Amino acid sequence: MRWSQTYIPTLRENQSEAELVSHQLLLRAGYIRKLSSGIYLYLPLMQRVIEKFSQIVREEMNSAGALEITMSVLCPAEVWQESGRYNTVGKEQMRMKDRHGHDMVLCGTHEETVTTLIRGEIKSYRQLPLNLYQIQVKFRDEIRPRFGLMRGREFIMKDAYSFDASEESFAQSYKKMVDAYFRIFTRAGLDVVKVESDTGAMGGKAAHEFMLLVDTSAGEEVIIFCDKCDYVANVEKATFRLDEKDVKEASLEQAVPVDTPGVATIEEVASFLKVPHKTLVKTLLYMADDKPVAALVRGDRELNLIKLKNATGAVELEMARPEQVVKITNAPVGFAGPVGLKDVKIVVDPLVAEMKNFIVGANENEKHLLNVNIERDFKADLTVDISLAQEGDLCPNCDGHFSTKKGIEVGNTFMLGTKYSEALGAKFLDADGKEHPIIMGSYGIGVTRTPQAALEKYSDDNGIIWPKNIAPYHVHLIPISMENEAQVETADKIYAELNKIGVDVLYDDRTGRPGVKFKDADLIGLPVRITIGDKSLKDGKVEVKARTESEMHLVALDEISKAVTDILERLN
RNA sequence: CGGGGUGUAGCGCAGUUUGGCAGCGCGCCUGCUUUGGGAGCAGGAUGUCGGAGGUUCAAAUCCUCUCACCCCGACCA
């Protein structure tokens with residue numbers, strides 16, 4: 001492609017709207033433009049990146065036996081009502097009425113649609129397994145879109161859905177997808193890790209996420225690693241083993257109230273009473289679908305909201321507002337405790353269950369209770385892990401310890417079980433003529449998110465450095481002067497030759513100054529640059545340089561193709 | 001939704017405190033010169049100062065309402 005024939009609006013200065021390097025670069029290098037909050041337009045370069053990545057996805061999905069289809073973005077509300085998710089997805093689902101007044105939704109995912117498609121048509125175990133996928137626009141009305149394509153409201157996703165007749169068959173289907181995912185990300189030049197994750201609103205039995213590990217603030221997920229075994233999990237999901245050191249036998253002492261004037265936080269109470277944080281218990285009040293819940297975690301621990309949500313089975317879980325806290329505990333925020341609470345579900349973390357003679361709020365202003373004990377002073381309605389795992393915790397599978405890293409989720413796989421097939425009536429007959437719901441899985445890859453995520457790893461001060469397989473073009477061809485006939489002639493020849501052997505070339509045929517072209521080339525980030533100038537051309541040579549490397553190679557004109565393919569061969 | 005912030009030329013911003021000709025840099029257009037890392041000179045075009053209402057002789061500036069966008073939190077590929 002000739003520069004003069006395409007549309008690459010590069011910008012000299014950074015855009016104020018962008019926080020992340022990757023977002024900044026996509027805007028500056030002329031890949032994307034914003035239309036509205038969380039809604040982006042893909043310009044020609046981005047379009048090519050999307051196509052290249054999509055093609056990799058498509059090839060690997062196809063070779064894993066999945067079949068490409070395209071489903072609608074719009075969907076009648078009844079389908080979502082039937083699965084039950086109409087009431088649970090929340091406000092991120094965009095809803096509207098058509099001209100006849102029918103309720104419609106914009107799909108953020110397609111479990112309902114695809115299940116509706118196959119039910120009634122898949123009747124026999126002989127028709128299974130089946131895996132259908134699409135690469136298509138999704139819409140989610142995110143509470144807070146941010147980071148450009150990383151968390152847009154409209155985005156492109158590859159979503160696949162598997163249908164199996166047995167658990168054994170499903171396990172194979174799932175593994176095929178996991179294997180395909182690793183091949184996809186590897187081809188795109190990205191190292192990802194597979195981590196255990198929460199199933200969230202998707203429901204189902206288990207799930208994994210594919211994470212690109214990054215050191216930047218773009219890493220929205222915290223990932224827990226065991227330093228000894230292969231246990232890896234999203235912090236939302238991670239469980240850990242109780243440290244035996246924390247289990248102590250002690251005689252129960254008399255509970256006593258103590259004045260704690262003006263000290264409300266764990267930090268303040270601990271230093272006021274001169275005791276370690278882990279002798280205190282935090283009582284956190286939440287409203288689970290408008291019913292109060294008290295969550296008790298040890299003073300040195302953070303609450304894991306996802307675990308609490310799962311434990312309570314709540315659809316909406318929100319921290320109680322100060323006035324609600326007052327109503328529940330008769331005390332201002334900071335003095336809540338489990339003793340004497342009425343009509344409040346008390347959820348106790350196992351770490352707390354092991355504690356003796358601990359300190360809690362007294363449900364009275366500026367007072368705490370010392371030497372409180374479970375059973376004697378209050379009863380737990382539920383004892384379940386609700387603590388956030390943290391660095392140094394003990395691995396649940398071995399005697400290793402946890403460390404943490406940050407990552408960007410670029411893909412996920414869900415074991416859905418029969419949640420959707422049962423709700424929507426997708427059933428098959430087995431060899432004995434018995435009816436069963438189909439076992440399903442769903443598998444997503446963020447097609448627009450992934451390339452931007454890649455840039456969080458692959459860029460430098462001068463611009464983008466694309467992995468070769470998702471770069472919009474392979475080669476950036478720059479004649480120093482378009483007024484110089486010999487240079488132009490050479491450039492034309494190289495352009496034709498490389499195109500012929502399937503190397504994608506962006507030919508900067510602008511009549512501008514070379515400095516501008518070099519700056520734009522670095523910004524756009526194609527893997528290989530070929531420069532044609534009088535210095536080397538008088539010896540019948542041109543300069544070939546990899547974006548990642550600083551040294552140039554002088555290459556004779558008849559060896560260009562080989563030089564370029566050699567460099568591409570060794571690049572990521 | 002809560003908290004914080006910003007809207008002025010295509011982009012980046014100053015001007016708002018203390019009301020008085022709407023500016024700067026980059027980009028864009030024309031001409032000449034220049035051509036190996038964002039050129040120089042000369043000339044030129046470009047504004048609903050986010051919007052509506054109000055105060056005033058006079059509003060980008062003060063007041064009221066409103067919209068959009070960004071950042072922090074809850075949501076999520």
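A quick note: this is a predicted structure, and the numbers were derived from the prediction, not measured. Chain letters run A, B, ... following the sequence lines, proteins first, then strands; residues in each count from 1.
- Residue contacts for Arg33(A): at a heavy-atom cut-off of 4.0 Å it reaches no nucleic acid atom on any strand shown.
- Minimum atom distance to the side chain of Glu92(A) is reached by C75(B), of the listed G36(B), C75(B), G38(B).
- Of the C1' atoms belonging to C13(B) and G27(B), the separation is 14 Å, rounded to the nearest Å.
- Ion pairing of Arg2(A) with Asp492(A) is present here, as a side-chain N (NZ or NE/NH1/NH2) and a carboxylate O approach within less than 4.0 Å.
- Considering Arg510(A), Arg513(A), Arg529(A) in turn, Arg510(A) is the only one that fulfils the salt bridge (Lys or Arg N to Asp or Glu O under 4.0 Å) rule with Asp520(A).
- For Pro514(A), taking side-chain heavy atoms from C-beta onward, the closest of the listed nucleotides U35(B), C76(B), C11(B) is U35(B).
- Base pairing of C69(B): its partner is G5(B), meeting the Watson-Crick or G-U wobble criterion (both donor-acceptor distances under 3.5 Å).
- The partner of U34(B), taking Watson-Crick or G-U wobble pairs whose two distances both stay under 3.5 Å, does not exist in any strand shown.
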Table of protein N/O atoms under 3.5 Å from nucleotides 23-26 of chain B N/O atoms:
residue: G25(B); atom: N2; partner: Glu13(A); partner atom: OE1; Å: 3.1
residue: C26(B); atom: O2'; partner: Arg12(A); partner atom: NE; Å: 3.4

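- Near RNA chain B, defined here as any heavy-atom distance below 4.0 Å, the residues from residues 475-483 of chain A are Ile480(A), Glu483(A), listed numerically.
- In the set C76(B), C75(B), G38(B), the nucleotide with an atom closest to the side chain of Arg151(A) is C76(B).
- As the counterpart of U18(B), no nucleotide is assigned, since no Watson-Crick or G-U wobble pattern has both distances under 3.5 Å.
- Within the shown strands, G54(B) is the pairing partner of C62(B) under the Watson-Crick or G-U definition, both distances less than 3.5 Å.
- For Glu549(A), the CD atom counts as densely surrounded, since its 6.0 Å shell holds more than 12 non-hydrogen atoms of other residues, nucleotides or ligands.
- Taking the C1' atom of each, G38(B) and C11(B) are spaced 15 Å apart, rounded to whole Å.
- Candidate nucleotides G36(B), A74(B), C76(B) were compared by shortest atom distance to the side chain of Arg449(A), and C76(B) ranks first.
- In this structure, Gly512(A) reaches the bases: a heavy-atom distance under 4.0 Å links it to at least one base atom across the strands shown.
- Spacing of P atoms, G23(B) relative to A9(B), comes out at 13 Å, to the nearest Å.
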Nucleotides 67-71 of chain B: which of its N/O atoms have a protein N/O under 3.5 Å away?
residue: C69(B); atom: OP1; partner: Ser36(A); partner atom: OG; Å: 2.8
residue: C69(B); atom: OP1; partner: Ser37(A); partner atom: N; Å: 3.2
residue: C69(B); atom: O3'; partner: Lys34(A); partner atom: NZ; Å: 2.9
residue: C70(B); atom: OP2; partner: Ser37(A); partner atom: OG; Å: 2.9

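- Within the nucleic acid shown, Asn484(A) has no heavy atom closer than 4.0 Å to any nucleic acid atom.
- Gln15(A) comes within 4.0 angstrom of the backbone, heavy atoms only, and of no base.
- To the nearest whole angstrom, the two P atoms, one in C62(B) and one in G25(B), are 26 Å apart.
- Nucleotide C28(B): paired with G44(B) (Watson-Crick or G-U wobble, both distances less than 3.5 Å).
- Distance alone, capped at 3.5 Å, places no donor-acceptor pair between the His208(A) side chain and the Gly411(A) backbone.
- Straight-line distance between the C1' atoms of A74(B) and C28(B): roughly 45 Å, to the nearest whole Å.
- The same atom, P, is picked in G54(B) and in A42(B); the two are 47 Å apart, to the nearest Å.
- A centroid separation of 6.0 Å or more is found between the aromatic rings of Tyr40(A) and Phe155(A).
- Among the protein residues, Met552(A) comes within range of the nucleic acid bases, having at least one heavy atom under 4.0 Å from a base atom.
- For Arg140(A), counting side-chain heavy atoms from C-beta on, the closest listed nucleotide (C76(B), G37(B), G38(B)) is C76(B).
- Under a 4.0 Å N-O distance rule, the pair Lys237(A)/Glu209(A) does not qualify as a salt bridge.
- Atom name P, nucleotides G7(B) and G50(B): the rounded distance is 8 Å, in whole Å.
- Between the side chain of Asp522(A) and the base of G37(B), at least one donor-acceptor pair of N or O atoms lies under 3.5 Å.
- Within 4.0 Å of Gly444(A), counting heavy atoms only, lies no atom of the nucleic acid at all.
- Taking atom CZ of Arg321(A) as the reference point, atom P of G2(B) lies 11 Å away to the nearest angstrom.
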